[in-house]
Amino acid sequence: GQAAAKAGEPKQEAYFPPNQLFTQGRLEQSLEAVNDALRLNPNFVPALTLRAKLSMAFNRLAEAGRDLNRVVEIEPHSAYNQFMLGFYYFLENDFKGALDPLIRSAELDKANRRTYFYLALTHEGLANASLAIQLYERAIALDREKKTPDLDTLIAFARLLFNLGQYEKCLSLVGQALSLDSKSRDAHYERGRLYLQAGDFKNAIQQGEQALLSQSPGTTDRQVHFLLARAYARAGNQQRAAEHLAKFEASAPSLRR
């Protein structure tokens, strides 16, 4: 009788091994273990969410989408579930699809800065710049309250403001980003673009060269070489400009989400 009763219970304990494997970066083993847990209970939300994260890691986005839509059906009032579904649509570049779950997530948990960050990016993707600005400001205000400033938010907001020609406000955000991480490639690149825009070619070159010294999943070598090619050309150093232009042309443009 006890074994039968146990077989009918949601397998909370079955979730721990796959989650532990996931946090250790053992993704293949984690996927096997999470599939075992879901065979015991196909509607076990933590396991479905974990499998969706694993599917994203393996770039199987359609599978992640199926699991996350199922999770939201089972537990629609979870801010985390709604966020994950919105994040999935965002990764798919389906900004319209991302909007509703992210809005619901923000309504369910008004203090989660990550939700406002992705809502800002989503509205930016939909070309709603004024709404994106409000949402970036909300995310940054929450970071300030919790004293947990976030580099990615500062850089993303700075890029939007640069594209809108709001250079002074952009400069302030890039300054904050550099005070958080003095070696940030993204921040040095944005600072270089601002110097170039202002006609200060010497400092644009210095920031571009600094950006080349560090790595980032955001700013590519190609982007930095293009900035340096322009800055050296405007500073009158045609040889260095030609070198960077050649490197820019040799590197293929990368697809960025």
Going by side-chain heavy atoms closer than 4.5 Å, which hydrophobic residues are tied to Leu108, directly or by a chain of links?
-> none
Measure across Ala204 and Ala231 and return the closest heavy-atom pair with its distance rounded to 0.1 Å.
-> CB-CB, 4.0 Å
Spacing of Leu119 atom CG and Asn128 atom CG [to the nearest 0.5 Å] = 11.0 Å
When you look at CZ of Arg138, are more than 12 heavy atoms from neighbouring residues, nucleotides or ligands closer to it than 6.0 Å?
-> yes
Go through Glu32 and Asn35 one step at a time and tell me if the side chain to side chain contact (heavy atoms under 4.5 Å, CB included) criterion holds.
-> CA-CA 5 Å; Glu32 276 177 39; Asn35 281 329; over 6 Å; no
Under 4.5 Å between any side-chain heavy atoms of Ile103 and Thr115, yes or no?
-> no
Taking the side chain as every heavy atom from C-beta outward, state whether Asn81 and Val45 have any pair of such atoms under 4.5 Å apart.
-> yes
Cation over ring, Arg191 on Tyr195, under 6.0 Å and within 45°?
-> yes
Would you say the side-chain atoms of Tyr232 and Gln238 include a donor-acceptor pair closer than 3.5 Å?
-> no
Ser78 and Glu75 side chains, donor-acceptor separation under 3.5 Å = no
Determine the minimum heavy-atom distance between Ser214 and Ser184, stating which atoms define it.
-> OG-C, 4.3 Å
For Arg113, all residues meeting salt bridge (charged side-chain N to carboxylate O under 4.0 Å, His left out), sequence neighbours excluded = Asp143, Asp150
Separation between OG1 (Thr122) and CG (Leu131), nearest 0.5 Å, reads 11.5 Å
Arg39/Asp36 salt bridge by N-O under 4.0 Å criterion = yes
Would you confirm whether the ring centroid of Tyr118 sits within less than 6.0 angstrom of the ring centroid of Phe83?
-> yes
Apart from Leu245 itself, its cluster of hydrophobic side chains linked below 4.5 Å comprises Phe226, Phe248
Point-to-point distance, once rounded to the nearest 0.5 Å, from OG of Ser55 to CD of Glu63 | 5.0 Å
Any donor and acceptor pair, going by atom type alone, linking the side chain of Gln223 with main-chain N or O of Thr220 inside 3.5 Å?
-> yes
Flag the pair Lys169 and Glu137 as a salt bridge only when some basic side-chain nitrogen lies within less than 4.0 angstrom of an acidic carboxylate oxygen.
-> yes
Would you check if Thr219 and Arg159 make a side-chain contact, meaning some heavy-atom pair closer than 4.5 Å?
-> yes
In terms of heavy-atom contacts, Gly86 and Ala98 come closest through O-CB, 3.4 Å
CD1-CZ distance between Ile205 and Arg230, expressed to the nearest 0.5 angstrom = 12.5 Å
Within one Ile-Leu-Val-Met-Phe-Trp-Tyr cluster: Leu126 and Tyr116, side-chain cutoff 4.5 Å = yes
Roughly how far, to the nearest 0.5 Å, is the NE2 atom of His77 from the CZ atom of Arg104?
-> 10.0 Å
Is the Phe90 ring parallel, tilted or perpendicular to the Phe95 ring (thresholds 30°, 60°)?
-> tilted
In terms of hydrophobic clusters joined by side-chain contacts under 4.5 Å, are Leu61 and Leu68 together?
-> yes
For the residue pair Leu228 and Lys247, establish whether any side-chain heavy-atom pair is separated by less than 4.5 Å.
-> no
May I ask whether Leu227 and Leu194 are part of the same hydrophobic cluster, defined by side-chain heavy atoms of I, L, V, M, F, W, Y residues being less than 4.5 angstrom apart, directly or through others?
-> no
Is there a chain of hydrophobic side chains (I, L, V, M, F, W, Y, each step under 4.5 Å between heavy atoms) that links Leu161 to Tyr189?
-> no
Within-4.5 Å side-chain heavy-atom neighbours: His225 and Glu249 | no
Give the intermediate values and the outcome of side chain to side chain contact (heavy atoms under 4.5 Å, CB included) for residues Leu54 and Leu50.
-> CA-CA 6 Å; Leu54 286 159; Leu50 179 56; 4.2 Å; yes
Val72 versus Pro101: any side-chain heavy-atom pair under 4.5 Å?
-> no
Do Gln166 and Ile133 come within less than 4.5 Å of each other through their side chains, counting heavy atoms only?
-> yes
For Phe162, ring pair (Phe, Tyr, Trp, His ring centres under 6.0 Å) partners two or more places apart = Tyr167
Hey, are the side chains of Thr148 and Leu142 touching, using non-hydrogen atoms and a 4.5 Å cut-off?
-> no
Are the side chain of Gln82 and the backbone N or O of Pro76 linked by a donor-acceptor pair below 3.5 Å?
-> yes
Between atom CD of Gln176 and atom CD1 of Ile155, what is the distance when rounded to the nearest 0.5 Å?
-> 10.5 Å
His244 side chain to Val224 main-chain N or O, any donor-acceptor pair under 3.5 Å?
-> no
Taking it one step at a time, do Asp221 and Arg185 satisfy side chain to side chain contact (heavy atoms under 4.5 Å, CB included)?
-> CA-CA 10 Å; Asp221 284 1; Arg185 169 184 273 202; 2.7 Å; yes
Which atom names give the shortest non-hydrogen contact between Ala177 and Leu151, and what distance separates them?
-> O-CD1, 3.4 Å
Tightest non-hydrogen contact, residues Ala139 and Thr153, listed as CB-CG2, 4.1 Å
Is the shortest side-chain N to carboxylate O distance from Glu243 to Arg240 below 4.0 Å?
-> yes
Does any N or O in the side chain of Lys147 come within less than 3.5 Å of the main-chain N or O of Arg144, such that one atom is a donor and the other an acceptor?
-> no
Full working for side chain to side chain contact (heavy atoms under 4.5 Å, CB included) between Leu38 and Arg51 | CA-CA 9 Å; Leu38 284 165; Arg51 187 166 70 181; 3.5 Å; yes
Only counting residues at least two apart or in another chain, list the ones meeting side-chain contact (heavy atoms from CB on, under 4.5 Å) with Glu168.
-> none
Partners meeting side-chain contact (heavy atoms from CB on, under 4.5 Å) with Asp94 (sequence neighbours left out) | Tyr89, Glu92, Lys96
Transitive ILVMFWY side-chain link Val174 to Phe201, under 4.5 Å | no
Closest heavy-atom contact between Ala156 and Tyr136?
-> CB-OH, 3.6 Å
